[in-house]
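Chain letters run A, B, ... following the sequence lines, proteins first and then strands; every chain starts at 1. These numbers were taken from a predicted model, which means no experiment stands behind them.
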There are 2 protein chains.
Amino acid sequence: MQDAPNRPYHHGDLRRTVIETALDMLREEKGWQFTLREVARRAGVSHAAPYKHFPDKAALLAELAMIGFDRLRESLSAAKPTASNSLREEITTIARAYVAFGTENPALYRLMYSAEEGQAVGIHLNERALAVFDVLLEVLRRGQAAGSIRKRPIEGQAAAGWGLVHGMTMLAIDGLLVPEKVGSAPLDAALSTLVEGLGSPETLRAPAIRSARGPGRVKTFCFR
Amino acid sequence: MQDAPNRPYHHGDLRRTVIETALDMLREEKGWQFTLREVARRAGVSHAAPYKHFPDKAALLAELAMIGFDRLRESLSAAKPTASNSLREEITTIARAYVAFGTENPALYRLMYSAEEGQAVGIHLNERALAVFDVLLEVLRRGQAAGSIRKRPIEGQAAAGWGLVHGMTMLAIDGLLVPEKVGSAPLDAALSTLVEGLGSPETLRAPAIRSARGPGRVKTFCFR
DNA sequence: ATACATTGTTGACAGTGACTACTTAAGGGC
DNA sequence: GCCCTTAAGTAGTCACTGTCAACAATGTAT
């Protein structure tokens with residue numbers, strides 16, 4: 001649309017173009033260091049043009065982070081429609097989706113959780129992040145109501161779930177887990193332990209989730 | 001020693017001075033962005049002097065990261081001498097020490113786990129990091145041998161422990177947990193869930209660790 | 001049509017990391 | 001004692017960044 005032979009002076013929708021270009025760059029993550037000028041360059045626009053839409057670099061990053069939380073929530077919601085499965089499978093499915101999002105958008109995920117930027121935005125970022133957190137809380141509440149999850153303070157269980165999943169995601173992003181992608185052994189093994197901690201005693205009679213069952217299926221860690 | 005009134009031409013031990021200055025800066029973490037020139041400035045030395053001791057900025061950062069892993073391992077080792085306690089207490093003690101290290105040295109901890117830098121160093125960093133990991137593995141092995149920890153593939157349990165503790169640390173650093181410092185509710189609550197996942201059924205008869213017992217003691221999360 | 005607000009461009013500034021040429025101090029062989 | 005090699009520190013360049021101010025092109029309301 002804006003591929004006019006002579007670039008028009010007014011770009012039409014530069015704000016959106018800048019955001020999408022930036023998201024593309026974030027997805028590449030070739031040890032890339034995010035640069036406003038590079039964004040402008042790729043968007044085919046002068047180096048200061050983005051300043052007409054974002055007061056500064058931090059504002060753009062904050063916007064990207066919010067979009068990231070939105071997409072993460074969408075990913076999690078999309079991953080859990082098969083509510084017919086057991087709760088333990090539901091939890092592992094959500095957890096896998098979470099880690100997958102992080103490893104597929106490493107730079108974006110890191111940005112979402114970088115304190116500097118978040119501080120600048122304040123409230124709005126929190127709403128989006130809380131929406132993600134709610135997905136987890138909802139599953140736990142349902143599990144406790146159904147009796148398949150231990151009756152414990154739900155905040156503690158949520159802390160364990162969130163902390164574990166966040167930690168595994170960061171480790172995976174930083175390449176500290178086995179090179180195989182998400183869904184591979186270390187994550188499932190860790191989830192198995194988590195689920196055993198969450199599960200009520202009676203549900204634990206059931207066999208542990210599959211990929212973590214036999215000792216041979218759990219790969220050791222691999223620092224690159 | 002090198003506090004001579006007229007700065008001596010040869011600094012004596014600039015390498016060490018640079019490292020300690022950098023560690024100081026890392027400890028401050030005022031949204032500070034680490035700059036070689038600032039290090040030189042604080043060390044009272046010209047902006048290119050550090051290049052006589054480190055080939056480039058990444059090399060200095062790598063050195064700092066290695067020191068960080070060493071100190072983390074020391075912290076963990078120092079935190080666990082009371083082996084007379086129950087294993088579950090031992091685990092929570094180590095975990096608290098781990099998170100405390102992270103929150104007390106936020107920038108250093110983040111640096112230790114930043115992929116870019118680690119990639120540059122390669123092997124040496126891994127040795128140090130593995131030494132930290134070994135502290136965790138040792139406790140788990142001991143627990144399995146003593147029967148107080150579930151007989152499961154130890155890598156999975158280690159993944160759970162490491163992932164959880166790393167995740168909680170990062171969340172705390174980024175200010176996403178309740179403002180109270182380490183040892184506060186969310187961490188203990190999460191650890192309680194973890195311990196229930198690790199513990200063998202018979203040991204779980206014992207009451208959960210104290211601060212996560214009553215629902216009232218577990219604070220909710222707090223996005224700033 | 002004309003004034004105005006919006007959007008994009010250009011040029012400039014200070015600050016950064018990498019790098020190089022220069023200068024000074026320290027120590028060893030004679 | 002002297003000279004010379006080498007290590008350590010300094011100054012300055014280069015390319016790049018984020019940011020800002022001035023300017024130009026465009027669209028819009030009157």
Side-chain angles (χ1 to χ4, degrees), chain A residues 1-22 25-26 28-65 107 111 114 116-117 119-121, chain B residues 1-22 25-26 28-65 107 111 114 116-117 119-121:
Chain A
M1 188 188 288
Q2 58 271 41
D3 249 339
N6 284 1
R7 187 157 305 287
Y9 203 92
H10 280 72
H11 182 285
D13 196 357
L14 182 57
R15 184 182 165 88
R16 177 160 302 279
T17 301
V18 163
I19 288 181
E20 278 170 11
T21 305
M25 290 172 57
L26 240 25
E28 291 182 4
E29 162 84 355
K30 292 290 297 175
W32 204 262
Q33 88 167 340
F34 192 88
T35 238
L36 255 193
R37 286 173 116 99
E38 176 69 16
V39 177
R41 220 168 282 140
R42 293 209 194 187
V45 109
S46 80
H47 64 247
Y51 280 88
K52 295 296 168 182
H53 299 271
F54 304 93
D56 58 2
K57 186 184 177 184
L60 171 57
L61 291 180
E63 181 95 20
L64 297 175
L111 170 66
S114 93
E116 278 74 42
E117 321 308 336
Q119 210 153 359
V121 210
Chain B
M1 190 187 290
Q2 57 269 44
D3 251 340
N6 283 1
R7 186 156 306 289
Y9 204 92
H10 280 70
H11 184 285
D13 198 356
L14 182 58
R15 183 184 166 87
R16 177 161 302 278
T17 302
V18 163
I19 288 181
E20 278 169 12
T21 305
M25 290 173 56
L26 240 24
E28 291 182 4
E29 162 85 356
K30 292 290 298 176
W32 206 264
Q33 95 164 335
F34 192 86
T35 214
L36 256 194
R37 288 171 114 97
E38 176 70 14
V39 176
R41 216 169 286 138
R42 292 209 194 189
V45 109
S46 78
H47 66 244
Y51 282 91
K52 292 294 170 184
H53 299 273
F54 303 93
D56 58 3
K57 186 185 176 183
L60 172 58
L61 290 180
E63 181 94 21
L64 297 175
L111 170 66
S114 91
E116 278 74 44
E117 321 307 337
Q119 210 152 359
V121 210

Legend entry - Candidate nucleotides C:dG11, C:dG8, D:dT10, ranked by approach to the side chain of A:Ala48 - the nearest: C:dG11
Legend entry - Atom CZ of A:Arg16 with >12 non-hydrogen neighbours under 6.0 angstrom: no
Inset, instruction - Give the rounded distance in Å between these two atoms: NE2 of B:His47 and C1' of C:dT20. - result: 11 Å
Inset, instruction - Nearest whole angstrom, please: distance from the P of D:dA7 to the CZ of B:Arg15. - result: 16 Å
Inset, instruction - Could you pull out all residues at least two apart from B:His47 that satisfy side chain to side chain contact (heavy atoms under 4.5 Å, CB included)? - result: B:Arg37
Legend entry - Spacing between B:Lys52 atom NZ and C:dA26 atom P, to the nearest angstrom: 17 Å
Legend entry - Side-chain heavy-atom pair A:Phe34, A:Leu64 within 4.5 angstrom cut-off: yes
Legend entry - side chain to side chain donor-acceptor pair (under 3.5 Å) partners of A:Glu20, counting only residues at least two apart: none
Legend entry - Those residues that, when tested against A:Arg41, pass side chain to side chain donor-acceptor pair (under 3.5 Å) (two or more places apart): A:Glu38
Every protein N/O lying under 3.5 Å from an N/O of nucleotides 15-18 of chain D:
unit_1: D:dT17; atom_1: OP2; unit_2: A:Arg41; atom_2: NH2; d: 2.9
unit_1: D:dT17; atom_1: O3'; unit_2: A:Thr35; atom_2: OG1; d: 3.1
unit_1: D:dG18; atom_1: OP1; unit_2: A:Leu36; atom_2: N; d: 2.8
unit_1: D:dG18; atom_1: OP1; unit_2: A:Lys57; atom_2: NZ; d: 3.3
unit_1: D:dG18; atom_1: OP2; unit_2: A:Leu36; atom_2: N; d: 3.0
unit_1: D:dG18; atom_1: OP2; unit_2: A:Arg37; atom_2: N; d: 3.1
unit_1: D:dG18; atom_1: N7; unit_2: A:Arg37; atom_2: NH1; d: 2.3
unit_1: D:dG18; atom_1: O6; unit_2: A:Arg37; atom_2: NH1; d: 3.1

Inset, instruction - May I ask you to verify if any side-chain N or O of A:His53 is less than 4.0 angstrom from the OP1 or OP2 atom of C:dG8? - result: yes
Inset, instruction - Measure the CD-NE2 distance between B:Glu63 and B:His53 for me, rounded to the nearest 0.5 Å. - result: 12.0 Å
